[in-house]
Amino acid sequence: MAYRRLKADRIFDGEKLMEGKLLLLKPGGEVEAVINDDGEGAESFSGILLPGLINCHCHLELSHLRSLVPPGLGMVDFLISVVQARKNDHKGKEVAIAEAEAEMWQKGVQGVADICNTPDTLWVKMDSRIRWHSLVEMINFYDENLEKQLAGVLDVRDQLQSEGLPAVLAAHAPYTVSNATHASINRHTAGKITSIHNQESQAENELFQKGGGDFMKLFETFGDGKSPFPVSGKSSLQTWLPNYREGQTILLVHNTFISQEDIDFAGMHAKKYGLQLVFCLCPNANLYIEGQLPPFETLVENNLHIVVGTDSYSSNHQLSIASELQSIRKHWKSASLEMLLRWATSAGAEAMGWSNLGRFKRNTSPGVVLMNENDFSVKRIV
């Protein structure tokens, strides 16, 4: 068998950076092995060869909103702007979705956990070379509306599943999901991989701790002007997480305003109910909306399962996981490159249960990406 032989300045196999190695690929692109460079002829690259990247949080169906929502609005005004923008007629929506999918592929993305409110992305996912896990998002302020809202969400899920695409219900955010809605999602996601936007703004914590703050503007715009949620006197995370007790893997997305107390609480609750908590960072979206970043060092010091996402074109200038890593490195200069690459490859694949992605492992096809360490630019090789 004629193997394709690839070498570069360094190879990252999903766990560690190595020098003086060759990546052997079978003719179909499957990994055979990573071996010592034996001096024989090989395709040589400048940079780092690594497995395809995993995007653990995206909204592909919002790709047509690129540049329509200005940065720096703050969370509540951002949400209102997105809802209003989605109501407009967008003739180029399908084109934008297709271009975004192609962009992610070219920028080395091999798998995506994608938020859905509609079946609008179904057609592109069916023919995509990217692996998809669709998270069908539930938004419901009021318990009495649950039956109607749930029926719509289940319809979207069923359309995706009918085409062989994995699809699971997910809560949008603590400030848009009532207690009965959380309970329903908990039942529908037992043992599955789901997600929730968590503590993306300080106003989110304030809503549950004090019953007021910026989110009242959201309820005035889309509700009856009152908060649908009782005051718990606790942070957002400590208010919503107890609703989940069925062994789920939960992607907690953003975590911009998470505290050590929240982390301790989450760890105890997860252990008690067999949950796997995964902390997904989308720094460029956090900067775009709030101008704030998550407490990277605190998250790492607690040895949490950390992964990376891009969010959508409504809150980002690109859908590039490498750009997210660059942003983390820019604002946290001591961050280990090996650690960041692990978050974007093997940690993401492990969170999603994709054993054939994220590592250069024999008989798997994780894709091959070339990264420039200086500017984090990426190029797909396989």
Side-chain angles (χ1 to χ4, degrees), residues 14-15 54 56-57 111 113 115 133 135 137-138 166 168-175 177-200 204-205 207-209 229-282 294-309 336 339-340 342-355 357-359:
E15 292 296 331
I54 308 299
C56 282
H57 183 71
I115 302 295
H133 180 85
L135 293 154
E137 192 170 70
M138 188 80 177
V168 178
L169 267 58
H172 167 250
Y175 50 81
V177 175
S178 73
N179 285 336
T181 308
H182 277 302
S184 180
I185 296 170
N186 179 53
R187 291 191 296 272
H188 280 92
T189 61
K192 298 178 181 179
I193 301 169
T194 186
S195 79
I196 186 169
H197 297 80
N198 179 64
Q199 293 173 300
E200 198 171 353
E204 181 181 320
N205 284 325
L207 174 66
F208 294 100
Q209 289 167 336
F229 308 106
V231 176
S232 67
K234 302 175 182 178
S235 72
S236 173
L237 181 146
Q238 294 181 50
T239 303
W240 69 260
L241 184 58
N243 291 287
Y244 295 87
R245 304 182 174 201
E246 296 295 335
Q248 295 94 338
T249 292
I250 306 178
L251 303 174
L252 286 76
V253 182
H254 296 301
N255 312 293
T256 321
F257 292 88
I258 195 170
S259 70
Q260 183 63 54
E261 183 181 344
D262 293 325
I263 293 170
D264 293 340
F265 176 88
M268 289 186 291
H269 182 80
K271 183 177 181 180
K272 184 175 182 179
Y273 293 101
L275 305 177
Q276 300 297 318
L277 301 183
V278 179
F279 295 81
C280 182
L281 307 180
C282 307
F296 300 129
E297 293 184 66
T298 298
L299 295 170
V300 171
E301 288 168 358
N302 281 273
N303 197 33
L304 303 177
H305 189 160
I306 300 173
V307 298
V308 187
S336 157
M339 176 187 71
L340 297 181
R342 194 177 300 119
W343 291 355
T345 56
S346 57
E350 181 183 345
M352 301 310 302
W354 293 335
S355 60
L357 300 183
R359 291 179 174 84

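This structure is a prediction, so every number in the text was calculated from the model and none was measured.
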Side-chain donor-acceptor distances from residues 186-193 under 3.5 Å, at least two apart:
residue : atom : partner : partner atom : Å
Asn186  : OD1  : Arg245  : N            : 3.0
Asn186  : OD1  : Gln248  : NE2          : 2.9
His188  : ND1  : Ser184  : O            : 3.0
Thr189  : OG1  : Ile185  : O            : 2.7
Thr189  : OG1  : Gln248  : NE2          : 3.0

Quiz item: Just by modelled atom types, is the Leu169 backbone N or O under 3.5 Å from a matching donor or acceptor in the Thr194 side chain?
Solution: yes
Quiz prompt | Derivation of the side-chain contact (heavy atoms from CB on, under 4.5 Å) call for Phe296 and Ile306 | solution = CA-CA 10 Å; Phe296 300 129; Ile306 300 173; over 6 Å; no
Exercise. Give me the ring orientation class for His254 and His57: parallel if the planes are under 30° apart, tilted from 30 to 60°, perpendicular past 60°.
Key: perpendicular
Quiz item: Do Ile258 and Leu237 pass the side-chain contact (heavy atoms from CB on, under 4.5 Å) test, and can you show the C-alpha distance, the side-chain angles, and the key distance before you say yes or no?
Solution: CA-CA 8 Å; Ile258 195 170; Leu237 181 146; 4.0 Å; yes
Exercise. Answer yes or no: is there a donor N or O on one side and an acceptor on the other, between the side chain of His197 and the main chain of His172, under 3.5 Å?
Key: yes
Quiz item: Once the angle between the rings of Phe265 and His269 is folded into 0 to 90°, is it parallel (under 30°), tilted (30 to 60°) or perpendicular (over 60°)?
Solution: parallel
Quiz prompt | pair Gln238-Asp262: side-chain heavy atoms closer than 4.5 Å | solution = yes
Quiz prompt | All side-chain contact (heavy atoms from CB on, under 4.5 Å) counterparts of Asp264, not counting sequence neighbours | solution = Gln260, Asn302
Quiz item: Is there a side-chain contact between Thr298 and Ile263, using heavy atoms and a 4.5 Å cut-off?
Solution: yes
Quiz item: Is the closest side-chain heavy-atom distance between Val300 and Met339 below 4.5 Å?
Solution: yes
Quiz item: What is the distance from atom CG of Leu251 to atom SG of Cys280, rounded to the nearest 0.5 Å?
Solution: 6.5 Å
Quiz item: How many angstroms lie between atom CD of Glu350 and atom OG of Ser355, to the nearest 0.5 angstrom?
Solution: 11.0 Å
Exercise. Starting from the C-alpha separation in whole Å, work towards a yes-or-no answer on side-chain contact (heavy atoms from CB on, under 4.5 Å) for Val278 and Thr249.
Key: CA-CA 7 Å; Val278 179; Thr249 292; 4.0 Å; yes
Practice problem: For side-chain contact (heavy atoms from CB on, under 4.5 Å), just list the numbers for Cys56 and Met352, CA-CA rounded to whole Å, side-chain angles, deciding distance to a tenth of an Å, and then say yes or no. | Solution: CA-CA 8 Å; Cys56 282; Met352 301 310 302; 4.2 Å; yes
Practice problem: For the residue pair Ser236 and Glu204, confirm or rule out a side-chain donor-acceptor distance under 3.5 Å. | Solution: yes
Quiz item: Can you check whether Pro174 reaches Phe208 side chain to side chain, under 4.5 Å on heavy atoms?
Solution: yes
Self-check item: Nearest heavy-atom neighbours spanning His305 and Ala347
Solution: NE2-O, 2.9 Å
Self-check item: Check: Leu241 and Tyr273 side chains under 4.5 Å, non-hydrogen atoms
Solution: no
Quiz item: Rounded to the nearest 0.5 Å, how far apart are OH of Tyr244 and CD1 of Ile250?
Solution: 7.0 Å
Practice problem: Give the minimum heavy-atom separation between Gly358 and Thr345, together with the two atoms involved. | Solution: O-CB, 3.6 Å
Quiz item: Would you say the side chain of Gln209 lies within less than 4.5 Å of the side chain of Ser232, judging by non-hydrogen atoms?
Solution: no
Practice problem: Grab the two heavy atoms, one from His182 and one from Trp240, that are nearest each other, plus how far apart they are. | Solution: NE2-CB, 3.9 Å
Quiz prompt | Taking every non-hydrogen atom, the tightest pair across Ala171 and Val177 | solution = CB-CG2, 4.0 Å
Practice problem: Mind listing the closest non-hydrogen atom pair of Ser346 and Gly14 along with its distance? | Solution: OG-O, 2.5 Å
Quiz item: Looking at Thr256 and Pro295, what are the two nearest heavy atoms and their distance?
Solution: O-CD, 3.7 Å
Quiz item: Going by heavy atoms in the side chains, are Asn198 and Phe279 under 4.5 Å from each other?
Solution: no
Practice problem: Check whether any side-chain heavy atom of Glu15 lies under 4.5 Å from a side-chain heavy atom of Arg342, and answer yes or no. | Solution: yes
Quiz item: For Leu252, does its backbone N or O pair with a side-chain atom of Asn255 as donor and acceptor, under 3.5 Å?
Solution: yes
